[in-house]
S.K.: 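Please find one structure pasted underneath; my questions will follow.
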Amino acid sequence: MAIKAGTFSEIEQEAIVLSAVITMVDDLVNHAIFCPLGEKRTDTNLLPQTAGTLRQFGTFLRDFLSPVTGKGGSPLPFGLPKPPSGDSKVDHTTLYYLRRICEKPLIGTKIDHLSRIVQEFSDWLEAYALVEEVWFGSIDVKVDLRIKRIDFIRMSGDIGKHNFLRLGGQANSLRRILADNQVEIDESDAYLALPDCWDWFHTHLLAYHASTIAEFLNNIRYAIRLYITPVAAERYRVTGNVDGLEMFTFERPDEIVNKFAWNQFFELMQGSLRQPNFPPFSVAQTMKMRF
C-alpha cells in the first residue's frame, strides 16, 4: 500500500528544521562529550572526555553533515525541497536548510546573527586543508594531502561508525581525493588504506578541530535561541496555576496545523525558557591555525 506524504507549510518546515538542529547540537556539544570549561570561557580549548566520546562526537557530526533523504527515492520528509545540484557539499547537509531559513525567516525576525554563523561554518567546511606528509602505511603512499575539511570529517565519521562492508562510498571518495593529489590507487588499495584514513582524519585532524567545530555548533545553538526567545515571550500564555506552579502554553500560529510541526514549534518555544546545556565559549586562535 502506498503511503501518502503529508503536506507542510513553510513555517511548519522551519519549526521542524530548527528543532532538529537544536536536538542535534544538544547531542554534540554537552558535558558528556566534552570536559567542563571551568572559569575560562574565551581563548580556550575544548577537550573530549575520552577517546570514545570523541568518536561519538564524530559520528553525531557525520549525521549533522549528511543529506536529508527520502526512503527509496521517495520525496524528502516534511516536504523539504531537494538542494540544488552543484559543487557545494554543504548544500547536502543540515546547513542548507538553516541557510534557507536565514534567507526567509518566518517564525521570528532577529536572524542576522544566525545567518552570519551558518555562512562562516559553511565556508570553513568547504575550505581546503593542507596536511603534510600523510602516510598511508598500508599501501606505502606518502603525500602532502590537500583535502576539503568536510571530506575528512565525513570520512572519519563513517569509518568510525561502519564496518568496511558499508564503506564502499568512502573507499571511492578516497580514490577521488588521492587522484586530485596526483596519486592513483585501485579499489583494493582504497579499502586497505581505510584504517590509515581513520588514524589521520579522526585521530589527528578531527581531534585538532573538535574545539573549533564545537564552537561553531554552540554558536548556532545560541543564535537560534536569540532568534526564538522574543517570539516565545510574545506568544507565552498562562493557562493556570497548580500548587504555585504556573501552567502555560504558547499561542499557536495559524499556519501551523500539522500535529508534529506544532509539537516541534512548542519544543522550540519551551526550550527558550531554559539555559542550553553548555555555556558560550570561544576557542583560542592558536588552535585554529593548522589544517
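Throughout, numbering of the chain's residues begins at 1 and tracks the sequence.
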S.K.: With sequence neighbours excluded, tell me which residues meet ring-ring contact (aromatic ring centres under 6.0 Å, His included) with F291.
M.R.: Y208
S.K.: Scan for salt bridge (Lys or Arg N to Asp or Glu O under 4.0 Å) pairs involving residues 266-291, sequence neighbours excluded, and state none if there are none.
M.R.: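 Of all non-adjacent pairs touching residues 266-291, those that pass salt bridge (Lys or Arg N to Asp or Glu O under 4.0 Å) are E215-K288.
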S.K.: Does anything in residues 126-139 pair up under salt bridge (Lys or Arg N to Asp or Glu O under 4.0 Å), and if so which pairs, sequence neighbours excluded?
M.R.: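 For residues 126-139, and leaving out neighbouring residues, the salt bridge (Lys or Arg N to Asp or Glu O under 4.0 Å) pairs sorted by first residue read E126-K148.
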S.K.: Indicate whether any N or O donor in one side chain lies under 3.5 Å from an N or O acceptor in the other, for R62 and S66.
M.R.: yes
S.K.: For Q270, does the CD atom have more than 12 heavy-atom neighbours from other residues, nucleotides or ligands under 6.0 Å away?
M.R.: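 Yes, the 6.0 Å shell around CD holds more than 12 heavy atoms from other groups.
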S.K.: Which heavy atom of L37 sits nearest to which heavy atom of P279, and what is that distance?
M.R.: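 Closest heavy-atom pair between L37 and P279: CD1-CG, 3.9 Å.
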S.K.: Can you name the ring-ring contact (aromatic ring centres under 6.0 Å, His included) partners of F57, sequence neighbours left out?
M.R.: F34
S.K.: Sequence neighbours left out, what passes salt bridge (charged side-chain N to carboxylate O under 4.0 Å, His left out) with K104? Give chain and number order.
M.R.: E10
S.K.: Among pairs that include at least one residue of residues 39-49, which meet side-chain hydrogen bond (donor to acceptor under 3.5 Å, both in side chains), considering only residues two or more places apart or in two chains?
M.R.: N45-S211
S.K.: List in chain and number order the residues that pass ring-ring contact (aromatic ring centres under 6.0 Å, His included) with Y191, two or more places apart in sequence or in another chain; answer none if no residue qualifies.
M.R.: none
S.K.: Under the salt bridge (Lys or Arg N to Asp or Glu O under 4.0 Å) definition, can you give me all pairs with a residue in residues 229-244, not counting sequence neighbours?
M.R.: R237-E251
S.K.: Under a plain distance cut-off of 3.5 Å, with no hydrogens placed, do R175 and N172 share a side-chain donor-acceptor pair?
M.R.: no
S.K.: Can you list every salt bridge (Lys or Arg N to Asp or Glu O under 4.0 Å) pair that touches residues 63-85, not counting sequence neighbours?
M.R.: D63-K161
S.K.: Applying ring-ring contact (aromatic ring centres under 6.0 Å, His included), name anything that partners H92, two or more places apart in sequence or on another chain.
M.R.: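 In terms of ring-ring contact (aromatic ring centres under 6.0 Å, His included), with neighbours along the sequence ignored, H92 is linked to no residue.
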S.K.: Which atom pairs, donor and acceptor, lie under 3.5 Å between side-chain atoms of residues 258-266 and protein residues at least two apart or in another chain?
M.R.:
| residue | atom | partner | partner atom | Å |
| --- | --- | --- | --- | --- |
| N258 | OD1 | F260 | N | 2.8 |
| N258 | OD1 | A261 | N | 3.0 |
| Q264 | OE1 | S19 | OG | 2.6 |

S.K.: Taking salt bridge (charged side-chain N to carboxylate O under 4.0 Å, His left out) as the test, write out the residues that go with D91, two or more places apart.
M.R.: R99
S.K.: Could you tell me if R116 and N219 have a donor-acceptor pair between their side chains, going purely by distance under 3.5 Å?
M.R.: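 No, because no side-chain N or O of N219 sits under 3.5 Å from a partner of the opposite role on R116.
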S.K.: Going through the checks in order, is the side chain to side chain contact (heavy atoms under 4.5 Å, CB included) test met by H209 and F152?
M.R.: CA-CA 11 Å; H209 282 306; F152 71 68; 3.8 Å; yes
S.K.: State which residue, out of I153, D151, T93, fulfils the side chain to side chain contact (heavy atoms under 4.5 Å, CB included) condition with L125.
M.R.: I153
